[in-house]
Amino acid sequence: MTVSVAALGLLTACGGATGDTHPCTLKDAPAGIGVKVHPELAGRTADATLTACWDGTCRKRTLRLRESGPDGPVAWPGFALVRDLPAKPVRVTLVFKNPRGTTVLDRRVTVTPKPTYPNGPDCSPAGNQARLTVTEEGALIPR
């Protein structure tokens, strides 16, 4: 009987689902900015950068708009990882260049990243994230 009581205690301590409790797992979500780009514009873009600035600090990231080759992706397409992204207004600049190096998009917008909750709203928040959409015409829209 002591073995089953000990096992029950261990399950309860580890967040086993009993009653109305919601177990919080170790799922995480990275901090960063997701950018959805219209496929036609993405197809014309050879080089894309995202710069996020707040409180006198800027973080410049290369933004991949398409899947990579046979070795697999180095980063997620359309996602700029910014580990210290705050949950307050951030000025974001997107610059896209074509294969000849000519700028095809240079837009700025201010967004406020929000915490993510990959384990549900009753668990601790993970990384702060913001999302942007770039239309075929080049409009930059926070979403």
Would you kindly confirm whether [X] and [Y] end up in one hydrophobic cluster when ILVMFWY residues are joined by side chain heavy atoms under 4.5 Å apart?
X	Y	value
Val109	Val37	yes
Val35	Val104	yes
Val92	Leu41	yes
Leu63	Val95	no

Enter the distance from [X]:[atom1] to [Y]:[atom2] here, rounded to the nearest 0.5 Å.
X	Y	atom1	atom2	result
Leu81	Leu50	CG	CG	11.5 Å
Thr103	Lys97	OG1	NZ	4.5 Å
His38	Thr45	NE2	OG1	12.0 Å
Arg59	Thr57	CZ	OG1	5.5 Å
Asn98	Leu105	CG	CG	12.0 Å

Going by heavy atoms in the side chains, are Asp55 and Lys88 under 4.5 Å from each other?
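A side-chain contact under 4.5 Å exists here.
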Whether the side chain of [X] engages the backbone of [Y] through a donor-acceptor N/O pair (distance < 3.5 Å, no angle test) should be reported.
X	Y	result
Thr133	Lys36	no
Thr25	Lys27	yes
Gln129	Pro30	yes
Asn128	Leu85	yes

Using the rule given for side chain to side chain contact (heavy atoms under 4.5 Å, CB included), can you reason through Arg61 versus Phe79, listing the C-alpha separation, both sets of side-chain angles and the distance that settles it, and then say yes or no?
CA-CA 10 Å; Arg61 302 289 186 261; Phe79 189 82; over 6 Å; no
Could you pull out the closest heavy-atom pair between Ala29 and Ala126, with the gap in Å?
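Result for this residue pair: N-CB, 3.6 Å.
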Write down the atom of Val90, the atom of Ala52, and the distance for their closest heavy-atom approach.
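Val90 and Ala52 have their closest heavy atoms at CG1-CB, 3.7 Å.
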Report the residue from Thr49, Leu65, Asp47 that forms a side-chain contact (heavy atoms from CB on, under 4.5 Å) with Phe96.
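By the side-chain contact (heavy atoms from CB on, under 4.5 Å) criterion, Phe96 pairs with just one of Thr49, Leu65, Asp47: Leu65.
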